[in-house]
Amino acid sequence: MNNEFKSLQGMSDISGFEVNRWQEIETLAREVFLNNGYNELRTPILERSDLFLHSLGGSSDIVQKEMYSLKDRGGRDLVLRPEGTAGAVRYLASLGQAGLNERIYYLGPMFRCERPQAGRKRQFHQVGVENPSEPNPFVDAECIALQCELLKKWGISDFSIRINTLGSEEDKNNVRDRLLKELEKFSDILSPEQQNRINMNVLRFLDSKDDNLKAIIDKLPDINEFMSVESRQYLQSVIRILQELGISVIHDQRLVRGLDYYKHTVWEITHNSLGSQNSLSGGGRYSIQSGRKEVNGVGFAMGIERIITAKYGDDIDYYKKEKDGFWIISLGEKSILENMKLAKKIREIGIRCGMELENKSMKAQLRKADKFNPACVLIRGENEISSNTIVIKNLDDSSQNEHNFNDWLESIKEKK
RNA sequence: GUGAUUGUAGCUCAGUUGGUUAGAGCGCCUGGUUGUGGCCCAGGAGGCCGCGGGUUCAAAUCCCGUCUUUCACCCCA
C-alpha cells in the first residue's frame, strides 16, 4: 500500500468483521466485571512521565526505552500510557480512604514503542482490573479466578496458569543479594550486556529464553528458598484456595515480573497457539507509592489482540452477518425522496434499513442489496407510489409479492 | 535497541540472464432491450513497481540509503 494511506508502524486500523470480534470480547468482559462488582474506570491516555517512572521503576524496559514521550506547550514531560495500573492507582490514591473499597476495571489502548512482532503492536489494547487490598491470599486467588471466568466466557480453554511469589520487600532484597552472589560464579561466561542486565534487575534474568542462559538458570537455587516462611506459606495458601475453586496452577519458581512494583503473588497465563509472545495475561500483587500515599492491591492485565488471536486464530470467515432488515429500491428520481421518508419510519420502528440514494438501474441496486444483506428487499418505484403499493422481494428464492402500502407498514409495526 | 525478512492494481500474486505500451485471478463499475441480484458472457476503470539516490544507452529487475511488512531476541499483555 502507498505510504500516504498507511497508519504508523505497529498501529493498525481495526475494521470489518474484526470489529465485531472486538465488540464481542468487550461486551462479555463488561458483563463478567459487572457480575463481580467491578466498576469501569477510564483514565486519560496522556499522563505525566513521573507517574510511570515512579511506579514501574526506572530499571524497567518500559521506562528505559519504550515510552512514547512528548512535551506539552508548558514544557511538561508527558507520555502516552504504556500500561493501565499506574493511572488506575493514581486515581485510587486520589480517593483517599474511599479508594480502599473500589474495585475497578479498565479497557483501552496502551502504547509502547517497541519493534512490532507477532502478538505485539505499538498501540495495543488491554483489559485489566485493580483491586486495592492488603496482602490476603483470598483476594489474590479470587483475582485469578475472575480471569478464569473471563477466559471461559470468551471461549478460550487451552491456557495454563503459572504462579510464583516474589515475597515481601525484605524477601525481594534477600533474593536479589543471594542471586547476585550465585551468579558471580558465572561472571566469566556472561557477556557485558548480560552482566548489565543482571545488575539492573537480577530477577528478570530468571525468565530468559536464551538456551545458554537457561543452562545457568537451571543451576540456580529456587528463589523461594531465600524467602521467609510467611511468604512461602502465603503462596501455598493461594494455590490451595485455587485448587478448592477447581483451578489448577503451576508453581514456577522461575516466574518473575519485569515491573518493580510487584511483590508477593505474581502469575502469568499463557496460550500455546500464540507463538513467541504467548502470554495472554500477567498479574500480581503490588505496592505502589503514589504521591504521599502507598496503594496496595492486586490486579491483572490481558492483551486483547492476543485474546482475539487465541480465540479465532486465522479463522477469517467468522462473523458472517445474519440477514436482517430491509433494503429499499427506488426507481425514478421522485421515488427517492418518498423512500427516504419510508426508511425513516422503518428505522423508527427499530428495524435495520438501507437504500440507494442515486438513481441507478434495478440491476445495480439489487447487486448492492446483496452486500447490505437484508432479510428482504422493498421495491417502491414511481409506479408503486402512484398505486400506493409496495413489492416485497425475498433474496433467497427470488419470490416477490405486492402489498397495499399502508397495510404492509402496519403489519411490520405489529410484528415488531 | 539487535538480527533476519518483505514491498508490483482494492486483495492474492506472476514478471525470464537488466531490453520497447507492467500482467493474471479475485473484487469493483457498465452492458447482455423498457423495472429484477447471485451463475454465465462481453467491455471498462484502476499501477510514482514503497520512497530517495546511484550504476547503465536502458532499471520493477543491479548497488546504497530510508521507510514499511513479517519473524525472532531484549522485554512485555
Side-chain angles (χ1 to χ4, degrees), chain A residues 1-12 16 56 59-66 82-85 107-128 147 191 193-194 196-197 200-201 203-205 207-213 256-259 267-271 274-284 299-310 316 327 329-332 335 356 358-374 376-377 379-384 391 393-400:
Chain A
M1 197 200 285
N2 204 314
N3 274 348
E4 180 183 0
F5 303 116
K6 239 179 202 144
S7 54
L8 291 174
Q9 181 175 34
M11 306 198 180
S12 42
L56 305 182
S59 73
S60 70
D61 277 37
I62 292 181
V63 169
Q64 291 246 308
K65 56 178 194 186
E66 295 170 5
E83 57 98 61
T85 301
L107 194 160
M110 307 294 165
F111 302 83
R112 310 230 271 240
C113 194
E114 308 174 80
R115 286 277 275 272
Q117 74 185 73
R120 172 186 290 163
K121 294 266 180 197
R122 286 182 165 183
Q123 174 173 340
F124 61 104
H125 299 75
Q126 285 188 336
V127 50
Q147 275 189 288
S191 71
E193 196 193 321
Q194 287 160 344
N196 190 33
R197 201 142 64 85
M200 273 293 218
N201 188 337
L203 282 179
R204 272 194 276 147
F205 183 78
D207 64 0
S208 176
K209 286 180 194 167
D210 187 302
D211 283 338
N212 296 324
L213 297 185
V256 290
R257 307 255 76 214
L259 278 20
W267 68 90
E268 191 170 314
I269 302 183
T270 52
H271 194 273
L274 285 187
S276 178
Q277 305 304 315
N278 63 351
S279 169
L280 276 181
S281 165
F300 63 77
M302 312 178 97
I304 301 183
E305 282 84 352
R306 293 184 189 178
I307 298 282
I308 288 174
T309 313
I316 294 285
W327 176 263
I329 287 180
S330 313
L331 293 157
S335 60
E356 173 62 59
E358 280 178 61
N359 192 15
K360 288 194 174 180
S361 69
M362 174 84 105
K363 185 183 227 169
Q365 294 194 65
L366 276 165
R367 278 190 188 142
K368 204 159 168 181
D370 280 322
K371 276 158 216 152
F372 187 76
N373 215 22
C376 32
V377 169
I379 302 170
R380 190 162 171 254
E382 286 168 3
N383 297 347
E384 285 78 12
V391 173
K393 181 182 176 74
N394 184 317
L395 282 180
D396 289 328
D397 57 11
S398 293
S399 64
Q400 61 183 56

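Convention: sequence-line order gives letters A, B, ...; per-chain numbering from 1. All heavy atoms count here, side chains included; hydrogens, waters and symmetry mates do not.
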Q: List the steps, then state whether side-chain contact (heavy atoms from CB on, under 4.5 Å) holds for A/Ser335 with A/Arg380.
A: CA-CA 7 Å; A/Ser335 60; A/Arg380 190 162 171 254; over 6 Å; no

Q: In sequence, state the C-alpha distance, the side-chain angles, and the governing distance for A/Leu366 and A/Asp370, and then conclude on side-chain contact (heavy atoms from CB on, under 4.5 Å).
A: CA-CA 7 Å; A/Leu366 276 165; A/Asp370 280 322; 5.9 Å; no

**Q.** Residue A/Arg367, side-chain atoms from C-beta onward, closest of B/rA77, B/rU30, B/rC73
**A.** B/rU30

Q. Expressed in whole Å, how much space separates the C1' atoms belonging to B/rG37 and B/rG32?
A. 15 Å

Q) Ignoring hydrogens and geometry, is there a side-chain-to-backbone donor-acceptor pair from A/Glu356 to A/Ile329 under 3.5 Å? A) no

(Q) What is the distance, to the nearest angstrom, from the NZ atom on A/Lys360 to the P atom on B/rG37? (A) 15 Å

Q: Could you check how far CG of A/Leu274 sits from P of B/rA72, rounded to whole Å?
A: 11 Å

Q) Which residue lies toward the 5' end of RNA chain B, A/Gly283 or A/Val391, if each is placed at its nearest nucleotide? A) A/Val391

Q: Specify the separation, in whole Å, of atom CH2 of A/Trp327 and atom P of B/rG38.
A: 16 Å

Q | Opposite nucleotide pairing with B/rC48, Watson-Crick or G-U, both atom distances under 3.5 Å | A | none

Q.
Within the 4.0 Å heavy-atom criterion, would you say A/Lys371 contacts the bases, only the backbone, or no part of the nucleic acid?
A. sugar-phosphate

Q: Pick the C1' atom in B/rG44 and in B/rC63, then give their distance to the nearest Å.
A: 40 Å

(Q) So does A/Lys360 get a backbone contact from the side chain of A/Glu358, meaning a donor-acceptor N/O pair under 3.5 Å? (A) no

Q. So which nucleotide does B/rA24 pair with, by the Watson-Crick or G-U wobble rule with both distances under 3.5 Å?
A. B/rU12

Q: Output the single nucleotide from B/rU36, B/rC73, B/rC74 whose closest atom is nearest the side chain of A/Ser276.
A: B/rC73

Q | Proximity to the side chain of A/Gln277 - top-ranked nucleotide from B/rC74, B/rG37, B/rU68 | A | B/rC74

Q. Quick one: on RNA chain B, does A/Lys121 or A/Lys363 contact a more 5' nucleotide (nearest heavy atom)?
A. A/Lys363

Q: Apply the test salt bridge (charged side-chain N to carboxylate O under 4.0 Å, His left out) to residues A/Arg120 and A/Glu114: give CA-CA distance (whole Å), side-chain angles for both, the deciding distance (0.1 Å), then the verdict.
A: CA-CA 8 Å; A/Arg120 172 186 290 163; A/Glu114 308 174 80; 3.5 Å; yes

Q. A/Gly128 near the nucleic acid: base, sugar-phosphate alone, or nothing, with a heavy-atom cut-off under 4.0 Å?
A. nothing

Q: Remember a base hit wins even if backbone is also touched, and classify A/Arg204 as base, sugar-phosphate or nothing at under 4.0 Å, heavy atoms.
A: sugar-phosphate

Q | Strand partner of B/rC62, provided both Watson-Crick or wobble distances fall under 3.5 Å | A | B/rG54

Q: Report the distance from atom CG of A/Leu366 to atom P of B/rG38, rounded to the nearest whole Å.
A: 9 Å

Q.
By the 4.0 Å heavy-atom rule, please label A/Ile329 as base, sugar-phosphate, or nothing.
A. nothing

(Q) Could you check whether the side chain of A/Lys65 and the base of B/rC74 have a donor-acceptor pair of N or O atoms closer than 3.5 Å, going by distance alone? (A) yes

Q. Side chain of A/Arg115: nearest nucleotide among B/rU2, B/rG31, B/rA77?
A. B/rU2

Q: Assign A/Gln194 to base, sugar-phosphate, or nothing according to its heavy-atom contacts below 4.0 angstrom with the strands shown.
A: nothing

**Q.** Any donor-acceptor N/O pair under 3.5 Å between B/rU36 base and A/Gln400 side chain
**A.** yes

Q | Atom-to-atom span, CD of A/Gln365 to P of B/rC29 - whole angstrom | A | 13 Å

Q) Out of B/rU70, B/rU30, B/rG37, which nucleotide sits closest to the side chain of A/Lys393? A) B/rG37

Q) Can you find a side chain N or O atom of A/Ser208 that sits less than 4.0 Å from OP1 or OP2 on B/rC74? A) yes

Q) Checking all strands, does A/Glu268 fall into the base, sugar-phosphate, or nothing category for heavy-atom contacts under 4.0 angstrom? A) nothing

Q: Taking only the side-chain nitrogens and oxygens of A/Ser398, find out if one of them lies under 4.0 Å from OP1 or OP2 of B/rG38.
A: no

(Q) At 4.0 Å (heavy atoms only), tell me whether A/Gly84 reaches a base, stays on the sugar-phosphate, or touches nothing. (A) nothing

(Q) By the 4.0 Å heavy-atom rule, please label A/Gly381 as base, sugar-phosphate, or nothing. (A) nothing

Q. When all nucleic acid strands are considered with a 4.0 Å heavy-atom cut-off, which category describes A/Asn201: base, sugar-phosphate, or nothing?
A. nothing

**Q.** Euclidean distance, A/Met302 CE relative to A/Arg306 CZ, rounded to 0.5 Å
**A.** 11.5 Å

Q: Would you give the length of the straight line joining atom CD1 of A/Ile379 to atom CE of A/Met362, rounded to the nearest 0.5 angstrom?
A: 4.0 Å

Q) Between atom CD in A/Gln117 and atom P in B/rU68, what is the gap in whole Å? A) 16 Å

Q. Which part of the nucleic acid does A/Ala369 contact within heavy-atom distance under 4.0 Å: base, sugar-phosphate only, or nothing?
A. nothing

(Q) Is A/Gln9 close enough to B/rU69 that one of its side-chain N or O atoms is under 4.0 Å from OP1 or OP2 there? (A) yes

(Q) Counting only side-chain heavy atoms from C-beta out, which of B/rG37, B/rU30, B/rA77 sits nearest to A/Ser279? (A) B/rA77

Q) With sugar-phosphate meaning primed atoms plus P, OP1 and OP2, does A/Lys368 contact a base, only sugar-phosphate, or nothing at under 4.0 Å between heavy atoms? A) nothing

Q) From A/Ser276 OG over to A/Gln117 CD, what is the distance, rounded to the nearest 0.5 angstrom? A) 5.5 Å

Q) Looking across every strand, which nucleic acid part, if any, lies under 4.0 Å from A/Leu259 by heavy atom: base, sugar-phosphate, or nothing? A) sugar-phosphate

**Q.** Separation of atom CD1 in A/Ile62 from atom P in B/rG1, rounded to whole Å
**A.** 17 Å

**Q.** Separation between the C1' atoms of B/rC67 and B/rU6, rounded to whole Å
**A.** 12 Å

Q.
Tell me the interatomic distance from A/Asp61, atom CG, to B/rG1, atom P, rounded to whole angstroms.
A. 13 Å

Q: Both distances under 3.5 Å, Watson-Crick or G-U wobble: report the partner of B/rA42, or none.
A: B/rU30

